[in-house]
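Read the structure below first, then the notes.
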Amino acid sequence: MTEINSAATLTQDGDVAIITLNSPPVNALSAKVREGLFEGFKAAIASPAKSIVLICEGRTFIAGADITEFGGAMAGPSLFDVQAMMENAPKPVIAAIHGTALGGGLEVALCAHYRVAVPSARVGLPEVALGLLPGAGGTQRLPRIVGVEAALDMVTSGRHVPAKQALAMGLVDELAQEGKLKEAAVAFANKAVAEGKPLVKVRENNARLEAAKGHPEIFADFRKANARKFRGFAAPEANIKCIEAAVNSATFEDGLKAERKLFGELMGGAQSAAQRYYFFAERQANKIPDVPDDTPIRPIKKVGIIGAGTMGGGIAMNFANVGIAVVIVEQEQAPLDRGLATIRNNYERSRTAKPEETEQRVALITGSLSMEEAFKDVDLVIEAVFERMDVKKSIFERLDAICKPGAILATNTSGLNIDETASVTKRPQDVIGLHFFSPANVMKLLEIVRADHTAKDVIATSMKLAKQIGKIAVLVGVTPGFVGNRILGQRQREAQKLVMEGAMPWDIDRVLYDFGFPMGPFAMSDLAGLDIGWVKETSHGETIRDVLCEADRRGQKTGAGYYDYDENRNARPSAFTEKVIHDFIVKTGANPRKISDEEILERCIYPMINEGAKILEEGKAIRPSDVDLVWVNGYGWPVYRGGPMHYGDQVGPEKVLAKMREFQATMGDAFKPSALLEKLVADGKKFSDIKA
Ligand code: 3HC
């Protein structure tokens, strides 16, 4: 065995040279790995071996470029040098893939002459999720193998293609038996030599591109079909342009040039910076400073849920999806039956599961009218009833009496004080908040709320469980509305105030939509229903909402709310609403004024950043990036703007502070700058300088 460097070794198995990479955790293409590959291939080519296998140790094949290197100067051989060395090798090169061959990893594998993979492997070009495009020839080689349509899908979705599908697409040449990858790759290499198989250079394979030449409609149709999904993002369009360049360029090299140019533009832009930041934010969130990785986990085999409404049912589906049994308790048979029927209906409609899987999942969810009966053996109970402290307390008293020792008692409250709920039990260490977002079977975010006495293993178990059910979990502290709703409160307040100063709901919605939110607050209210929490009997036209509801404008469901709706639910600004607003303003004795889009944005967004800073200052979130995760995954903050705290850094904390001071001077202490924001600016720092 020859050690090439600390990341690569070269061994020989008969006539086959084997280059093995070992650079934990994911064999990313750091300078060391590139050097190992470059020198390894040089040595293997010079050796008497007749063929070369590239394989990785650890959990995965190369998972891509080393993202931590981005933005800095690249040392050592470039990826292009490595690829040229592989592609031009005078003997067969076989990439042996397990785990994931992603991004630069797949781009390296595409420079091998052949690829062998185990069935559990997945391949893909996920750069788009980092606001990038495959910058090492991926956009030029991929369509040469899979064709233009499949390439467009892969580069713009970033999806990981399972090995079996990759085989059918021609991305992989042979599947190996699980656990026997090296043997299979060596056998393939020997066979390639024995049979004199050609040294396939993907770059020379133009047949699939020829088929797409003269068909610009392929791209036009693809853009049109995905316009909504790609709105606001720069990377999908740049990826499409690269595939277009593959088809339309005179040579492979010309296509590569186009790819390199667009890659450079994306890499230098704010969107990719935000999306790369987001990548690490997701991973950071799992790290809880005082809850070490080796904290014991409580086994969760059966979950109890109180409440068969939309929330309870959605929560139940998460667990059934991963094979965990659930029992839902309701007070009466009719709502229980309705809830269970809705769950079945949701499964059948969503079509994400095959019919037999739907049956298995539905079978895992049972119902009961008795907490005493249903909850005596559950490992976790989640209460999902309506938001009243007295109700929550009486439930927790009963749970304390019923549940076995060590069971986790969770509440799905969206803002009530969990310390107070925990105080009625004799086991506050077992009480935690699990704040799901509606629809709970779809939304990615889970705010895990740590109360004063919550035990560390309860936190560790909840974080792990969240991962198991596919959620992005963020640990937060007890504070009214927790992190998400507390920050939302700022935006809602300003949106309402702006209306009373003369901005129309559709002006505010447009500004926030253009910023990148899926919809603005007023369109959102119309969608949810203006009458949530509105009581007809006690409504006396005291607010704009009262008047709208009294006029039976209760949102989309009644064909009118803040907006008018046509029969296809397309919204139009409403003269009725405009008059209601105008009358209210006149009543207050104020004069409506013209409000600029800039002011709308700053008034809605900067107080959110400021509130995030207050939350951090109070220790209710561990780090700024956790606040951002909440807003990206729970409230539609565009990921290409990172989240409120990252955006605050992009705008500049000094600018946010200056505006908050200006607003405070004219509009009062709702705009009082947080002490943390003041300190950051005084120290010349940014939110990203705050480390947990
Ligand atoms: N660069 C640097 N670090 C990386 C990395 C990468 N490409 N991929 C993963 N890591 C790190 C993570 O930050 C994490 O570090 P931590 O333990 O300190 O938090 C560690 O590796 C493990 O990662 P995960 O927690 O995500 O492990 P999983 O097993 O859940 O997932 C994975 C593994 C599927 C490979 C996932 O990490 C992943 O999707 N990685 C990114 C893949 C990617 O985007 N590749 C393209 C990169 S851009 C590129 O290649 C440009 C090229 O075209 C030129």
Side-chain angles (χ1 to χ4, degrees), residues 7 21-34 37 56 58-72 74 77-83 97-111 120-142 151 154-163 235 238-239 242-243 256 259-268 272-273 275-289 292-293 463-464 466-468 470-473 623 625-626 629 639 691-692:
L21 288 181
N22 187 8
S23 180
V26 295
N27 290 308
L29 291 158
S30 61
K32 194 177 65 181
V33 169
R34 293 195 305 273
L37 282 169
C56 293
R59 67 216 240 200
T60 179
F61 189 78
I62 303 165
D66 185 343
I67 306 169
T68 59
E69 271 187 357
F70 290 170
M74 291 258 179
S78 76
L79 202 46
F80 293 106
D81 297 335
V82 171
Q83 290 176 305
I97 302 172
H98 77 293
T100 44
L102 299 176
L106 180 57
E107 290 173 300
V108 164
L110 291 178
C111 290
S120 59
R122 287 171 297 139
V123 304
L125 294 173
E127 285 86 343
V128 71
L130 301 168
L132 293 172
L133 54 85
T139 64
Q140 305 305 299
R141 288 191 178 86
L142 184 70
M154 276 182 71
V155 295
T156 58
S157 70
R159 78 188 173 90
H160 298 182
V161 179
N239 272 278
C242 286
I243 308 282
L256 263 193
E259 181 192 88
R260 226 168 292 170
K261 178 170 174 289
L262 287 162
F263 182 80
E265 284 171 20
L266 289 178
M267 182 66 94
S272 176
Q275 289 178 261
R276 282 180 273 135
Y277 158 86
Y278 177 83
F279 175 85
F280 289 110
E282 259 192 24
R283 280 143 189 90
Q284 272 295 107
N286 295 319
K287 300 182 174 93
I288 317 295
D293 282 350
M463 295 295 292
K464 177 155 179 273
K467 198 162 189 188
Q468 195 184 345
K471 298 291 178 204
I472 292 180
R623 48 181 83 81
S625 59
D626 283 2
L629 279 190
V639 65
K691 302 287 176 232

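Every heavy atom of this structure was used, including side-chain atoms; hydrogens, water molecules and symmetry mates were not. Counting starts at 1 for both ligands and their atoms, in listed order.
- Looking at Thr68 next to ligand 1, no N or O pair under 3.5 Å apart turns up.
- A cation-pi geometry, defined here as NZ or CZ lying under 6.0 Å from the six-membered ring centre and within 45° of its normal, does not hold between Arg276 and Tyr278.
- Note: no N/O pair closer than 3.5 Å links Pro25 and ligand 1 by distance alone.
- Taking every heavy atom of Thr100 and a limit of under 4.0 angstrom, the matching atoms of ligand 1 come to 35 (C).
- Nearest protein heavy-atom contact of atom 18 (O) of ligand 1 is Lys287 NZ, 3.8 Å.
- Residue Ala63 places at least one N or O, backbone or side chain, under 3.5 Å from an N or O of ligand 1.
- Remark: Phe279 CZ to Gln284 CD distance equals 11.5 Å, nearest 0.5 Å.
- Closest to atom 12 (C) of ligand 1 among all protein heavy atoms lies Arg283 CD, 3.7 Å.
- Checking side-chain atoms of Gln140 against main-chain N and O of Cys242 turns up a donor-acceptor pair under 3.5 Å.
- Annotation for ligand 1: atoms under 4.0 Å from non-hydrogen atoms of Arg59 are 22 (C), 23 (O), 24 (P), 27 (O), 28 (P), 29 (O).
- Between Phe70 and ligand 1, a contact under 3.5 Å exists for no N or O pair.
- Inclusion of Pro126 in the set of residues having an N or O under 3.5 Å from an N or O of ligand 1 is not warranted.
- The shortest N/O to N/O separation between Ala28 and ligand 1 does not fall below 3.5 Å.
- Counting heavy atoms only, Phe279 comes closest to atom 40 (N) of ligand 1 of the residues Phe80, Phe280, Phe279.
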